[in-house]
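Scope of the values below: all heavy atoms of this structure, side chains included, with no hydrogens, waters or symmetry mates.
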Amino acid sequence: MDDRWLSVGEIAEYLGISKDSVYAWIEKKGLPGHRIGRLWKFKRSEVDDWVHQGKAADAQRDDE
């Protein structure tokens, strides 16, 4: 199991969205991320759970 912390760029690529959308989803829709100093880091399992709960679909509708 790959349980390493992912960067904003890596999670954006994983989700197929832009880095700007990652930051917007953190603020507006509660994308699960952890602030470490100035950097945001993400656990893939937490993001997967968030997506399975339907939160990503809600965020995409708001971006349109």
Atom pair [atom1]/[atom2] of [X] and [Y] - distance to nearest 0.5 Å:
| X | Y | atom1 | atom2 | answer |
| --- | --- | --- | --- | --- |
| Arg4 | Arg44 | CZ | CZ | 7.0 Å |
| Phe42 | Ser7 | CZ | OG | 8.5 Å |
| Tyr14 | Leu6 | OH | CG | 8.5 Å |
| Leu31 | Ser21 | CG | OG | 10.5 Å |

Val51, Trp5: one ILVMFWY side-chain cluster at the under-4.5 Å cut-off? no

Could you check if a side-chain atom of [X] sits within less than 4.5 angstrom of a side-chain atom of [Y], using non-hydrogen atoms only?
| X | Y | answer |
| --- | --- | --- |
| Lys43 | Pro32 | no |
| Ile11 | Ile17 | no |
| His34 | Glu46 | yes |

Qualifying residues under side-chain contact (heavy atoms from CB on, under 4.5 Å), relative to Asp49, sequence neighbours excluded: none

Are Trp25 and Trp50 close enough that their ring centres sit under 6.0 Å apart? yes

Tell me whether Lys19 is salt-bridged to Glu13, with the criterion being a basic N under 4.0 Å from an acidic carboxylate O. no

